[in-house]
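What follows is one structure encoded as structure tokens, with my remarks underneath.
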Amino acid sequence: MEELKDLLIKIIEDSLSRLNYIFDIEEIKANFQESDSLNFGDYSLPCFFLSKKNIKNPNEIALKLGKEIEKEIKKDKNLREKIEKIEIKNSYINFFINKKELAFNLINEIEKKKEDYGKENLGKNNKTMVEFPSPNTNKPLHLGHLRNLSIGESVSRILEFYNEKVIRANLYNDRGVHICKSMLAYQKFKDELENNSENIKNKKDKEKIKSDHFVGDLYVLFSKKAKENPELEKQAQEMLVKWEQGDKEIRELWKKLNSMAITGIKETISLFNVKHDKEYFESNIYEKGREIILEGLKNGIFKKENDNSIYIDLTNKGLGKKYLLRNDGTSIYITQDIYLSKLKFDEFKINKSIYVVGNEQEYHFKVLFSILDKLKLLKKENLYHLSYGMVNLPDGKMKSREGTVVDADDLIDETKELVKEELKKRYILDEKEIERRSLIIALSAIKYMLLKTNIKRDITFNPKESIAFEGDTGPYLLYSYARANSILKKIKKLPEFKIKDLKDEEIKLLLKINEFKKTLNESYKTLNPSLIANYAYQLSKIFNEFYHACPVINSENEDFRLHLVLAFKQILKISLYLLNIEVLEEM
RNA sequence: GCCUCGGUAGCUCAGCCUGGAUAGAGCAUUAGCCUUCUAAGCUAAGGGUCGCAGGUUCAAAUCCUGUCCGGGGCGCCA
């Protein structure tokens with residue numbers, strides 16, 4: 001395609017010369033554009049830029065130049081085959097490429113490469129760690145974590161598709177006052193929690209509360225109690241001190257609750273089809289990093305306050321003053337992060353580190369990366385904060401401590417139940433198959449909902465309007481896939497194909513399939529899965545239009561259309577794989 | 001106050017980087033289409049000061065400046 005573009009630009013250049021027009025080659029390149037409208041051709045050249053220099057009406061220029069180009073194209077056999085026609089519309093010269101040749105090449109390439117179609121070696125020298133979703137261990141995952149998981153996994157897959165070696169890492173924030181709150185509630189109000197079902201949010205199965213939900217319920221109960229009795233906050237702080245001193249009883253309780261939380265969290269992560277290669281625990285590293293800070297102090301990168309606390313002055317970078325060690329010598333959050341960032345590179349010999357973390361922490365990462373850079377420990381260009389927007393509720397932010405969160409497990413369960421109803425309405429299936437399909441469909445709905453919005457933007461999720469299954473949704477994509485499959489199931493062996501005249505719907509589908517590589521490349525460069533999500537939807541939409549306009553089986557063009565459907569199916573499958581959405585052969 | 005992200009149809013969002021021909025989808029509303037490959041589908045209609053004001057340009061939702069509104073951040077919290 002690129003070659004054709006260059007060829008055309010050359011022709012334009014020659015034609016302009018022959019007509020004695022004044023022009024600038026760079027201007028031609030800048031104005032020459034691709035188009036995705038069937039009416040305006042595949043490429044076009046607006047001629048306004050020639051108007052001033054040549055003191056002529058742009059329409060007139062387009063007309064003359066267009067004719068000259070047409071003559072030129074007719075002379076060249078290669079171009080004659082590739083360019084079907086050119087049209088002049090007002091000040092535009094529109095080029096229509098030969099779709100038959102495109103169709104032939106595209107379909108053959110997809111059938112040859114199959115699930116590897118679109119793969120590139122751009123990232124082959126990269127070993128990249130992607131860290132996500134790094135939860136706190138005092139509560140179960142919520143919808144915000146699911147967005148994080150969706151983005152982290154999808155980005156990992158996109159990187160792998162371009163041949164990067166990816167290490168998926170998760171950092172458990174398993175220590176701190178937040179855990180102590182759950183622990184304190186356990187000591188004081190455990191019985192109350194268990195005897196009063198109103199305190200238990202996950203009511204579906206009271207006998208067997210999921211372990212992380214139990215810890216989370218304790219946390220919510222703590223907050224409730226602490227409102228009435230502020231003394232509790234103080235006690236939680238005291239507990240943290242005891243924890244740090246290694247108090248045996250406290251440590252035992254901590255281990256117990258932590259393990260409950262982490263077990264439950266892992267179940268959810270695994271249900272979401274994500275598997276981590278490495279787990280870090282804050283409790284193991286929270287005291288580390290002090291040596292690095294002291295070293296930096298010696299080198300004059302950090303400064304000491306009168307009270308002995310240590311800080312870095314980043315005022316010249318607009319980041320202000322940031323403390324790194326307290327006056328009692330203890331670490332701060334960022335101190336351990338400096339340590340961990342370096343550890344990742346040392347342990348895994350990676351050369352790129354991606355942090356999938358919400359945009360509320362942008363300042364933190366700017367500071368972190370600046371410090372690592374100044375210390376010459378790591379280079380800024382190898383560190384990337386993949387920042388994404390918050391998931392909000394219609395009345396504002398989700399707050400764990402108040403219990404106003406959309407719980408991940410509950411959402412998956414509830415969505416699954418709705419899918420089951422839909423399935424029962426439509427098809428007769430045994431219970432096991434309903435279970436299997438409903439989970440896949442429910443997850444597709446949730447994942448797609450979370451990935452289709454540009455990652456930079458906040459999402460407003462309305463729990464009252466349950467997750468949709470129609471229109472721009474995950475199930476629509478799965479449905480389109482299953483539809484394509486049901487056509488292909490009808491034939492035993494794929495015939496050879498010839499391409500006759502193409503209908504608009506066939507051309508549109510071809511052109512959209514042809515866009516896949518470009519979209520994928522863009523999403524790799526920008527680490528933005530939403531581009532692929534939107535592409536998958538547009539592709540499916542065009543397929544459904546094709547489906548209605550062009551019968552396949554027993555049609556005159558059956559052979560070609562079968563191959564076209566197969567190509568569509570392949571591209572949609574790859575797209576969905578990159579979004580971590582599993583497909584169903586039958587809906 | 002400073003930094004940052006956003007403001008496009010009633011609602012949820014594409015498009016903006018890299019300016020181009022009538023601004024696109026979905027939901028919701030209305031009207032159609034299932035003896036033919038899966039109706040979780042398709043077709044059509046209505047619905048727009050692209051926050052506002054300037055500027056650059058032959059051409060601005062897109063670039064620049066200012067401004068208003070909203071989110072987030074600016075802790076020896078994590």
Side-chain angles (χ1 to χ4, degrees), chain A residues 30-31 33 35 37 39-40 44-52 58 89-92 94 136 173 175-178 282 286 305 307 309-311 318-328 330-337 358-364 366-367 387 389-390 392 394 396-397 419 422-423 425-427 441 445 449 452-454 456-462 465 468-480 482-491 522 526 530-531 533-534 537-538 540-541 544-545 547-555 558 561-562 565 586-587:
Chain A
N31 279 279
Q33 58 192 260
S35 154
S37 156
N39 301 331
F40 299 141
S44 58
L45 182 78
C47 294
F48 306 102
F49 72 103
L50 292 162
S51 175
K52 210 176 217 173
K89 260 191 196 157
N90 300 325
S91 303
Y92 291 81
N94 297 325
N136 290 348
N173 298 300
R175 53 129 252 138
V177 74
H178 53 282
E282 195 190 326
Y286 83 104
E305 204 82 271
D307 68 351
S309 56
I310 297 173
Y311 69 94
L319 297 172
K321 213 168 162 183
K322 185 78 192 174
Y323 284 84
L324 302 167
L325 281 181
R326 297 191 182 93
N327 59 7
D328 61 2
T330 54
S331 306
I332 298 155
Y333 177 67
I334 195 159
T335 319
Q336 55 155 339
D337 242 10
N359 61 13
E360 55 192 354
Q361 293 205 40
E362 271 171 15
Y363 170 74
H364 169 74
K366 273 186 192 158
V367 172
S387 162
M390 301 285 96
N392 296 320
K397 223 179 158 176
V419 172
E422 296 293 318
L423 280 171
K425 257 192 261 169
R426 290 163 220 257
Y427 318 106
I441 296 170
M449 188 254 318
K452 73 173 177 174
T453 303
N454 193 315
K456 297 275 169 226
R457 284 178 76 124
D458 291 351
I459 292 178
T460 306
F461 177 77
N462 192 341
E465 301 163 13
F469 305 138
E470 281 163 29
D472 187 7
T473 64
Y476 178 87
L477 305 180
L478 295 192
Y479 181 73
S480 310
R483 254 187 164 177
N485 194 50
S486 79
I487 296 174
L488 295 168
K489 265 194 317 199
K490 297 222 182 281
I491 50 137
E522 193 66 26
T526 55
S530 72
L531 299 176
N534 284 308
Y537 171 65
Q538 289 163 21
S540 299
K541 186 173 159 58
N544 279 307
E545 287 163 19
Y547 181 93
H548 282 271
C550 307
V552 177
I553 305 295
N554 293 332
S555 76
E558 180 180 304
R561 286 179 183 169
L562 282 169
V565 171
E586 269 178 81
M587 192 73 171

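Residue numbers start from 1 in every chain, and the chains themselves are labelled A, B, ... in the order their sequence lines are given, proteins ahead of strands.
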Requested in this report: Please check the phosphate of B:rC76 (OP1 and OP2 only) for any side-chain N or O of A:Tyr323 closer than 4.0 Å.
Outcome: no
Requested in this report: Kindly state whether the pair A:Tyr537 / B:rA25 counts as stacked, where counting means centroids closer than 5.5 Å and planes tilted less than 30° apart.
Outcome: no
Query raised in the report: Can you tell me if the side-chain N/O atoms of A:Arg483 get under 4.0 Å from OP1 or OP2 in B:rA39?
Result: yes
Report task. Using only side-chain N and O atoms of A:Tyr363, determine if any of them is under 4.0 Å from OP1 or OP2 of B:rC5. Result -> no
Query raised in the report: Do A:Asn544 and B:rA40 share a donor-acceptor pair, side chain to base, under 3.5 Å?
Result: no
Query raised in the report: Between A:Arg326 and B:rG75, does any side-chain N or O lie under 4.0 Å from OP1 or OP2?
Result: no
**Report entry** Pi stacking test for A:Tyr92 and B:rA21: under 5.5 Å apart, planes under 30°
**Finding:** yes
Query raised in the report: Counting distance only, does the side-chain N/O of A:His178 pair as donor-acceptor with the main-chain N or O of A:Asn173 below 3.5 Å?
Result: yes
Report task. Please determine if a side-chain N or O atom of A:Lys52 lies less than 4.0 Å away from the OP1 or OP2 oxygen of B:rC58. Result -> yes
Query raised in the report: Should the pair A:Tyr92 and A:Phe48 be assigned to parallel (<30°), tilted (30 to 60°) or perpendicular (>60°) ring geometry?
Result: perpendicular
**Report entry** side-chain contact (heavy atoms from CB on, under 4.5 Å) assessment of A:Tyr363 paired with A:Asn359
**Finding:** CA-CA 9 Å; A:Tyr363 170 74; A:Asn359 61 13; over 6 Å; no
Report task. Would you classify B:rC34 as syn or anti? Syn applies when the glycosidic angle is within 90° of 0. Result -> syn
Query raised in the report: Would you say A:Arg457 reaches B:rG7's phosphate, i.e. side-chain N/O to OP1/OP2 under 4.0 Å?
Result: yes
Query raised in the report: For B:rU35, which nucleotide is its Watson-Crick or G-U wobble mate, given both distances must be under 3.5 Å?
Result: none
Requested in this report: Any strand is fair game: report the nucleotide pairing with B:rU62 by Watson-Crick or G-U wobble, both distances under 3.5 Å, or none.
Outcome: none
Query raised in the report: Whom does B:rG75 pair with, Watson-Crick or G-U wobble, provided both distances fall under 3.5 Å?
Result: none
**Report entry** Ring centroids of A:Phe48 and B:rG20 base under 5.5 Å with planes under 30°
**Finding:** yes
Requested in this report: With the side chain of A:Leu423 defined as its heavy atoms from C-beta on, choose the nearest nucleotide among B:rG20, B:rA40, B:rA78.
Outcome: B:rA40
Query - Selection from B:rA39, B:rC37, B:rA78 that lies nearest to any side-chain heavy atom of A:Val552 - result: B:rC37
Query - Test item: side-chain donor near acceptor, A:Arg326 and A:Thr330, under 3.5 Å - result: yes
Report task. State whether A:Lys541 places a side-chain N or O below 4.0 Å from either non-bridging phosphate oxygen (OP1 or OP2) of B:rG26. Result -> yes
Report task. Output the single nucleotide from B:rC13, B:rG41, B:rG15 whose closest atom is nearest the side chain of A:Thr453. Result -> B:rC13
Requested in this report: Please give the nucleotide sitting opposite B:rA45 as a Watson-Crick or G-U wobble pair, both distances under 3.5 Å, or none.
Outcome: B:rU29
**Report entry** For B:rA9, the Watson-Crick or wobble partner whose two distances fall under 3.5 Å
**Finding:** none
